[in-house]
Structures are given as C-alpha cells and as structure tokens.
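The structure appears right after this line, and notes come after that.
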2 protein chains.
Amino acid sequence: MTSSPSALLGALDPTSDRAVFRQIADHLREAIDKGRFTEGAKLPSEAELVEHYGVSRMTVRNAISILQGEGLVHAEHGKGVYVRPRPPVRRLASDRFARRHREQGKSAFTVEAEAAGSRPEVDQLEVREERPSQDIAARLGGARKVLVRRRRYLLDGRPVEFATSYLPLDLARNTPIAQPNPGPGGIYARLEELGHRLERFEEEVRARMPAPAEVKTLRLAAGVPVIHLIRTAYDTEGRAVEICDTVMAADAYVLAYQLPAT
Amino acid sequence: MTSSPSALLGALDPTSDRAVFRQIADHLREAIDKGRFTEGAKLPSEAELVEHYGVSRMTVRNAISILQGEGLVHAEHGKGVYVRPRPPVRRLASDRFARRHREQGKSAFTVEAEAAGSRPEVDQLEVREERPSQDIAARLGGARKVLVRRRRYLLDGRPVEFATSYLPLDLARNTPIAQPNPGPGGIYARLEELGHRLERFEEEVRARMPAPAEVKTLRLAAGVPVIHLIRTAYDTEGRAVEICDTVMAADAYVLAYQLPAT
DNA sequence: CACGGCTACTCGTATAGACGAGTGGGGGAG
DNA sequence: CTCCCCCACTCGTCTATACGAGTAGCCGTG
C-alpha cells in the first residue's frame, strides 16, 4: 500500500490561521460532499492521513472526530472509518392517527412498516402504574396516578423509536389498555370504546442530542440527534386522555404535517 | 486554590472496563444532572480535574469533549467550562399561518417575538432569481426559474433561524413579492391578493447536525442540532405556490402542531 | 487615583510515543 | 485441501510535554 490519498485530498495551507485539524476535517468533508468518497466508502486510514499531511496521529484523530460529531462518518474498530450511509427514512404522516386507520386492526407502526417493505418489531414492552412527573401530571389535568406503557420500535432489527404512554389511572385501570397487548387498533381504539371519543391531538416537537441511555436504547451513532415528540390526545369533552412521549432516531424519520390555511 | 472537586465528584473505578475518560464524563454528567453544577456554573478547570483524578490532561479534555458533544457544557477560551443554560425556547404554534394573523400587518415572527418580550430582527435579506434545484423544482410542479427570498431571523441579537423561500417566477415576478419588503402580512398576504387563495400547508420536519456554514450563520454551540423544516403552500387549485426551507437552532424552538382525530 | 503592563490562570493546538483490542487475510500445520 | 494460528493493519485509550492565546486581577508607575 504505497499510494497516498494525495489524489483525493489537497495540501495544508500553512499561512491559514485555521487550525490544522480543522483544515484536514474541511478537506475530508469536501471530498465527501463532492462524492470523491461515496456512501459506505472507507476513508484513508489514520496512518495514511498522518503520512499525507505530515502531522501527528492525534491531529488526524481530532479531525476525524469533528466529522463524527457532524454525523458524516463513523469509525469501526479494527476496520476503518466509513462515510455514513443515509439510512432510509420513515415518514410519519400527520393523518397517521385518523380514525379510519384504526379500524383495520393492526397498529399504525406495523401497517406502515409492512407497506414500506420493512420488518417491524416491538420490544421492551412494559406496562405499569406510576406516580407521574410534575410535567405529565399537569398535562393530564392533575392526575395523581397514571398507567404507563413503554415500548421500543424496531425496523429490520434496527431500533428507531422509544415511546412512553401515560394515561390517567382512573380511566385505564382494569381495561384492555392495562394489558400488554391492548388489542386491534391499539389504545386509541380502546379509549373510544370506553366512551372517550378522540377529538384532536397536540404534538410538540423538539430536537436535541441524546442522553447516554438513549444512545444505548436506540443504538445511535455519533452525531445523530433525537427528535423528541410529546403528543397529547384530547377527547370530545376536552379532557387529555393520553400523553405519548416519543424519542426517535432523527436519521430515521421525517415528520410530515398538514396545516389548514384557515 | 487548594480545594479539590472531590466533594462533588467521585473516584474512578479501576476495575471497570469503561474507559477512564468516559467514567470522568459520567461523573461530570451526573453532577450536572443532580444539580451539583447548576446552569451557568463553572466546572472544575482541566488542571483541577487532572489533579483530582490523577490522569493526563488529554484524558480530561477527552471527557469534556463528550459533554460538549452532548450539548451539556460549553468551553470559553481563557475562562473555563460552563454548564450550558437552556435558552428560552420559542414555540411555533401550528396556527401561525392562519389568515386572521395575516390581517394585522406585521409579520408572524415580529408579532410573536414582541408578545414574548423579545426584540426581533431580520437580517441578511436577499431577493434574487435563480434556477431551482431538482428537489425544489419538483415540489413546485416543475418550475424552471424561481424567485428566491433568503433572510435570517434573530431574537435579542441571537440568530435563531435561517429561511429561504422559493416561488415560481411566473407568479412572483414584478409583484411586491419581488421587493425586499413585500408589505404588511408578508408574501402570503400578497399571494392571496394576486388571486392565489391559500388552502393548506404541508410541513416536513427533520433534525440533524448542522453543516459548518450553518454553525456560522446561526452561531450554534457545539452539540446543538438543527431542525430542518420544509413548508409547501398550496392554493385552492392545488398548486404549490411557495416553498419555505427553514433551518432553525434546535435549542431555540419547540414546534407545536394540532392534528384532528378525523 | 487612573492607567497600563505583568502574571497567573484558563482552554486550544500539536507532537511523540506506548500499549490494547478488533479484524481479516496469508501461510503453515495437519 | 482444510483448518487454525499468527501477523499486519485498523482504531481506541492514555501519558507526557510544549507552546499559543484569551481573560482577569494585581500592582506599580505616572
């Protein structure tokens, strides 16, 4: 292996006051953007970059860590550093909770995934009663105890979403909602059967970097943020009957919303 | 300065196979989470941490860089490392484009900001004609040339959002829309005056780490993702009459949407 | 008292070296 | 020929050192 990456990467500018490791990161980023390294391609090894630029290894690693932080590349121990492929994104349409979808039986996640040719899985299912946090209690109109349903969603074996539902206990206790499998149409269908006809949902969307536990649960690569979505379901009497707190791998999702121009 | 951070931070676990710099990051993160360092507080200096843990400075810096990547802390050259305050978030309600808001005169951004007690600014305004990218052209139903309006929004001097609007040129040329200041109610009001009554908007929401140019434009701290929002406005004939491509500092925004349970 | 410079402290950048651990292929043993 | 081991190459972790540059407070000079 004598060929250097010089054909693909330029030389440093010693007159620039930009730090060397930033210049190297710039070179690599530009090469990726221009397609000189395509998705899944292996970057030159640290040793090759050290040789090419005539810098120390830590400087090269520093440059690469910038690109990792930007989510552009990922390192594989013992193998190399690779350009991160953009995973296929899952689109969440804003009508995904329309009543007509509930009448089919299967859950929204399952139906959508199979339509897209992916293998859906639900995992780490957990149902329990808890005292709600202050925030959740306030959103639920002051509920003192809540039923909590947690679960993780996977597509083709890859975890993409971790969701937690909160329901006022007086409403959910001793109903199918408190069962691990609430039955066809999910908990929204059960809520309507219990007389809580759903009228509207409110969703709050935030984005941030994941906490370490989220990195683990969603097997997130470096440089991938999470989308944090908090949905509140209201019945026709204006009562908040469910809150769903969802953390999604941001590289796996596009959220789509329809807004009327009222 | 003889007191060490030992009162606030524990000791390393030499039996753990977790890397030392990760353990140190864990300690600091936990101390922040537990409120032992509050927002805006200064972390122990690198030198103090070196002393406390008995490790080299690079190991300490490595630990701190993890926290920076998580958006938990930020370093100030010559001063210290500080716990990042959570900035007040700006909430974007889903009715922000309702017709009734347009009738006031001021732009949505200005009205909202002043209501929240912030000083709004618009900046880097640029209006020009361009050939659209393939994606934009497709979304606009195959427009060959478009009017492009770019601008940056700031709150209390802090840049929070960079927006680019695209309109089919045949629709916008020689209209107030092509003026730097399109007049009261903004371009949506002008579109309606031109006979394009707006019927609905579609919004696509993504989150990702910023490109270097975005870091610069939005003055983003390390570990802050961006929310990328693409809105398409449709008139009553179903024609896409505008696309607004917006990149927002994720730590400054919460998006709120209303979904009917149809 | 006011100003300016010195200094001590902070983080930023870079070097050189060492060892560890995961991966994969080539070559030797059977 | 097949299997397995070893080795070369990869990235991961850590040490020790050096100098640069931004900040702020002290202190002496004028």
Side-chain angles (χ1 to χ4, degrees), chain A residues 1-5 12-28 37 40-69 72-84 215 221-223, chain B residues 1-5 12-28 37 40-69 72-84 215 221-223:
Chain A
M1 189 54 55
T2 57
S3 90
S4 89
L12 296 177
D13 174 4
T15 72
S16 166
D17 55 356
R18 191 160 174 78
V20 172
F21 72 91
R22 290 187 203 284
Q23 289 188 51
I24 296 176
D26 292 344
H27 286 181
L28 291 168
F37 297 109
K42 185 173 169 302
L43 294 188
S45 74
E46 293 176 358
E48 286 171 318
L49 292 172
V50 162
E51 163 119 16
H52 175 71
Y53 287 110
V55 298
S56 79
R57 183 166 165 232
M58 285 310 294
T59 302
V60 163
R61 282 182 64 77
N62 219 335
I64 290 175
S65 85
I66 290 184
L67 301 181
Q68 289 194 63
L72 278 181
V73 304
H74 67 111
E76 294 183 27
H77 193 172
K79 298 177 72 179
V81 178
Y82 297 86
V83 179
R84 271 253 307 279
V215 170
Chain B
M1 190 54 53
T2 56
S3 89
S4 90
L12 295 177
D13 174 5
T15 71
S16 166
D17 55 356
R18 189 159 176 79
V20 172
F21 72 92
R22 292 187 202 283
Q23 289 188 51
I24 296 176
D26 292 344
H27 286 181
L28 291 168
F37 298 110
K42 185 171 168 303
L43 258 45
S45 74
E46 293 175 357
E48 286 172 318
L49 292 171
V50 162
E51 164 122 13
H52 175 71
Y53 288 110
V55 299
S56 81
R57 185 167 163 230
M58 285 310 295
T59 303
V60 164
R61 281 183 63 78
N62 219 336
I64 290 175
S65 85
I66 290 184
L67 302 182
Q68 290 194 62
L72 278 181
V73 304
H74 67 111
E76 294 183 28
H77 191 170
K79 297 177 70 178
V81 178
Y82 297 86
V83 179
R84 271 253 307 282
V215 171

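Everything numeric here is computed off the predicted structure, so don't read it as measured data. Chain naming here is simple, since letters A, B, ... match the order of the sequence lines and numbering starts at 1 in each.
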Worksheet item: What closest approach, in Å, do Val55(B) and Val50(B) show between heavy atoms, and which atom pair accounts for it?
Response: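 The pair with the smallest heavy-atom distance is O-CG1, 3.1 Å.
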Item to complete: Could you tell me which non-hydrogen atom of Ala222(A) sits nearest to which non-hydrogen atom of Arg84(A), and how far apart they are?
Response: O-NH1, 3.3 Å
For nucleotides 21-24 of chain C, tabulate all protein N/O to nucleotide N/O atom pairs closer than 3.5 Å, reporting atom names and distance.
| residue | atom | partner | partner atom | Å |
| --- | --- | --- | --- | --- |
| dA21(C) | N3 | His77(A) | NE2 | 3.2 |
| dG22(C) | N2 | Gly78(A) | O | 3.0 |

Please state how far atom [atom1] in [X] lies from atom [atom2] in [N], giving the value in whole angstrom units.
{"X": "Ile64(A)", "N": "dT13(D)", "atom1": "CD1", "atom2": "P", "result": "14 Å"}
{"X": "Glu46(A)", "N": "dG20(C)", "atom1": "CD", "atom2": "C1'", "result": "14 Å"}
{"X": "His74(B)", "N": "dG12(C)", "atom1": "NE2", "atom2": "C1'", "result": "16 Å"}
{"X": "Glu76(A)", "N": "dC9(D)", "atom1": "CD", "atom2": "C1'", "result": "15 Å"}

Can you check whether [X] reaches [Y] side chain to side chain, under 4.5 Å on heavy atoms?
{"X": "Leu28(A)", "Y": "Leu72(A)", "value": "no"}
{"X": "Val81(B)", "Y": "Leu67(B)", "value": "no"}
{"X": "Phe21(A)", "Y": "Ser56(A)", "value": "no"}

At a cut-off of 3.5 Å, list every protein nitrogen or oxygen paired with a nitrogen or oxygen from nucleotides 13-15 of chain C, distance to 0.1 Å.
| residue | atom | partner | partner atom | Å |
| --- | --- | --- | --- | --- |
| dT13(C) | OP1 | Arg22(A) | NH2 | 3.1 |
| dA14(C) | OP1 | Val20(A) | N | 2.7 |
| dA14(C) | OP2 | Val20(A) | N | 3.3 |
| dA14(C) | OP2 | Phe21(A) | N | 3.2 |
| dT15(C) | OP2 | Ser56(A) | N | 2.8 |
| dT15(C) | OP2 | Ser56(A) | OG | 3.1 |
| dT15(C) | OP2 | Thr59(A) | OG1 | 2.6 |

Fill in: Rounded distance [0.5 Å steps], CD1 in Ile64(B) versus CD in Glu46(B)
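It comes to 5.0 Å.
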Worksheet item: Could you state the interatomic distance from CG (Asn62(B)) to CZ (Arg61(A)), rounded to the nearest 0.5 Å?
Response: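 Here the rounded value is 8.0 Å.
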Worksheet entry | Any donor-acceptor N/O pair, Gln23(B) side chain to Arg18(B) backbone, under 3.5 Å |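 A pair under 3.5 Å: yes.
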